[in-house]
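These notes are about the structure you will find just below.
Residue numbers count from 1 along this sequence.
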Amino acid sequence: GPAGSDVCEDMRIAHFPLNIAGYASRLAAAQRELGHEAVVYSRSTAPYNFPADVTLPPHTDPVRFNLNMLRRLPELDDFDVLHVHGGIKRLELGYYALRGPKVFVNYHGTETRHGFGLYHQRLADALFYTPADLKPYLPYKAVWIPQPIDFKAIQRTGTYTNERPVFLHLRSSDKGEADIVRMFDAAFGPLEMATYEGQKYYTGKDAELRVFGGLSHTRAIFEMSFADVVFDQFTPHGIYGYVAVEAMALGKPVLATVDYRLYPDDCPVLYPNPAKLAELADDENLRREYGERGRRYVERVHEATKVAQTTIQAYQQTFK
C-alpha cells in the first residue's frame, strides 16, 4: 500500500481468510460506508450463506494454505491493511512473505481458547478480539471489536401475541441445547415434544420452546422476529454471540449465561433461570421493556459503522 498520510483517507482493506458468522462481510460493508475499499476473502460460505467477495480453496492444511497464499501474494500486497480473522496457526508461514499491508489479527473463539491460533503475533500491528472472554488469553493491548450489525436494516419487530409465548433457540455446536431444554422443563414442564422437518417443538403449559438448527441467515432472522424471547448460548464462556445481537436489534429479550464483568454496564442480556423464564412468559410489558433496552444497547455498542470506526482508528494509528 502507498505510504504517507493519503493512506488514512481511503484505505484498501482485505479481510482474510475466514468470514466467521458473516462477521468479515458485515464489517467490510460498514468500512465501505465510511469510504474505504474492503474486500472479503473467505474459505467457505457454508452453511449460512454469508457472501465473500473472493472464495478461497477450502484447504486448511498448512502446505496448501501457504501455497495458495503465496499465489495470491501480488494482490494481497496491494492492500494497505490485511485484517486476519481467526488467528494464525503455527505453520501458516505465508504471512511472513507479505510486504505491503499492515497486519491486524482478529481472534474469534476456539483458536484462542485452545491456543492453536495464537502464533506469530509479532507479525501483527495490532490485535483485536471479538468474543469478550478472550481478553485474558491475549496481550493487554488487544482491542475489543464487538460483533457489528447493520442496525438500520433490522426493523424492530417487538412483542408478539403468540397464544403461548414462544422461546426460540437456534442451535449450533455445543451451545447448550440440553441445558436449555432442562431449564425450560423446570419452568413450564412437563413438556410435549414434537419434531417437524427436523426442527424441535417443546410445548409446556404456559410457553413453547422451538429449537431450530441449520437455518440460513435470512430464515433465522425471520424465525426470531416471530418469537417472544430468544435463547442465545449456554456456555461456560460467559458471553453472548451474534444471535443475541440480532435478537436485541429486533427488540427481543435475550437469555444467555453472560458474565456481566465482560460487558458494558448496561448489558441487557438476562441470565437464565426457571423463575426468570416464568416471569418473561407471564409479562408482556416486561418483555417489551427488555426488548427496548436491548435495542438501545445494540445501537450504542454493536452498530456497524461505530464498530468499523474503531477498526479504522486502530489501522490509522499504525500509519502515523
Side-chain angles (χ1 to χ4, degrees), residues 11 13-34 36-56 58 60 79 81-88 103-113 117 124 126-135 137-138 142-154 170 172-173 175 215-218 220-221 224 232-233 235 237 239-249 254 256 262-263 298-299 301-315:
M11 281 185 271
I13 303 154
H15 292 273
F16 182 90
L18 297 166
N19 188 14
I20 297 158
Y23 180 99
S25 48
R26 302 188 220 214
L27 183 55
Q31 289 172 335
R32 288 182 205 120
E33 221 174 299
L34 294 173
H36 304 279
E37 188 185 332
V39 179
V40 177
Y41 291 80
S42 181
R43 271 207 286 267
S44 154
T45 58
Y48 303 113
N49 305 323
F50 286 103
D53 303 306
V54 182
T55 303
L56 300 171
T60 55
F79 288 94
V81 166
L82 187 72
H83 190 130
V84 178
H85 294 271
I88 301 177
V103 175
F104 294 80
V105 181
N106 198 154
Y107 297 97
H108 284 277
T110 314
E111 82 290 304
T112 308
R113 295 183 198 111
L127 303 177
F128 299 144
Y129 64 97
T130 295
D133 68 307
L134 301 185
K135 190 179 177 63
Y137 299 92
L138 297 167
V143 179
W144 183 44
I145 306 290
Q147 296 94 330
I149 188 168
D150 182 353
F151 190 74
K152 300 182 297 299
I154 291 205
L170 300 173
S172 60
S173 58
K175 296 292 195 293
L215 307 185
S216 70
H217 182 242
T218 312
I221 294 285
M224 279 199 273
D232 187 28
Q233 42 191 280
T235 67
H237 307 310
I239 56 172
Y240 60 77
Y242 245 129
V243 164
V245 177
E246 293 181 317
M248 286 189 279
V254 173
L262 298 175
Y263 290 107
V298 166
E299 188 170 21
V301 175
H302 292 277
E303 195 277 312
T305 50
K306 289 182 187 167
V307 175
Q309 193 58 57
T310 306
T311 61
I312 300 296
Q313 281 162 352
Y315 302 158

Can you name the nearest heavy-atom pair linking [X] to [Y], along with the distance?
X    : Y    : answer
A24  : V40  : O-CG2, 3.8 Å
A247 : M224 : CB-SD, 3.7 Å
V301 : P146 : O-CG, 3.6 Å
R43  : T55  : O-CG2, 4.0 Å
S42  : A52  : CB-CB, 3.6 Å
A256 : D232 : CB-CB, 3.9 Å

Side chain proximity check, I145 to Y23, heavy atoms < 4.5 angstrom: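 Yes, their side chains come closer than 4.5 Å.
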Output the distance between atom [atom1] ([X]) and atom [atom2] ([Y]), rounded to the nearest 0.5 Å.
X    : Y    : atom1 : atom2 : answer
L27  : T305 : CG    : OG1   : 11.0 Å
Q147 : H302 : CD    : NE2   : 5.5 Å
Y242 : T130 : OH    : OG1   : 8.0 Å
R113 : D133 : CZ    : CG    : 4.0 Å
T310 : W144 : OG1   : CH2   : 10.0 Å
Y129 : N106 : OH    : CG    : 11.0 Å

If only atom types and distance count, is the side chain of [X] paired as donor or acceptor with the main-chain N or O of [Y] below 3.5 Å?
X    : Y    : answer
N19  : S25  : yes
R26  : A21  : yes
E111 : G109 : yes

Step-by-step side chain to side chain contact (heavy atoms under 4.5 Å, CB included) determination, K135 to L262: CA-CA 9 Å; K135 190 179 177 63; L262 298 175; over 6 Å; no
F128/Y107 under side chain to side chain contact (heavy atoms under 4.5 Å, CB included): CA gap, chis, key distance, verdict: CA-CA 6 Å; F128 299 144; Y107 297 97; over 6 Å; no
Check against side-chain hydrogen bond (donor to acceptor under 3.5 Å, both in side chains), Y315 and H83: CA-CA 10 Å; Y315 302 158; H83 190 130; 2.7 Å; yes
side-chain contact (heavy atoms from CB on, under 4.5 Å) partner of L82, chosen from Y41, F16, F104: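 Going through Y41, F16, F104 one by one, the side-chain contact (heavy atoms from CB on, under 4.5 Å) with L82 is satisfied by F16 alone.
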Pairing residues for K152 by the salt bridge (Lys or Arg N to Asp or Glu O under 4.0 Å) criterion, not counting sequence neighbours: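 With sequence neighbours excluded, K152 shows a salt bridge (Lys or Arg N to Asp or Glu O under 4.0 Å) to E33, D150, given in chain and number order.
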Steps toward side chain to side chain contact (heavy atoms under 4.5 Å, CB included) verdict (L134, I239): CA-CA 10 Å; L134 301 185; I239 56 172; over 6 Å; no
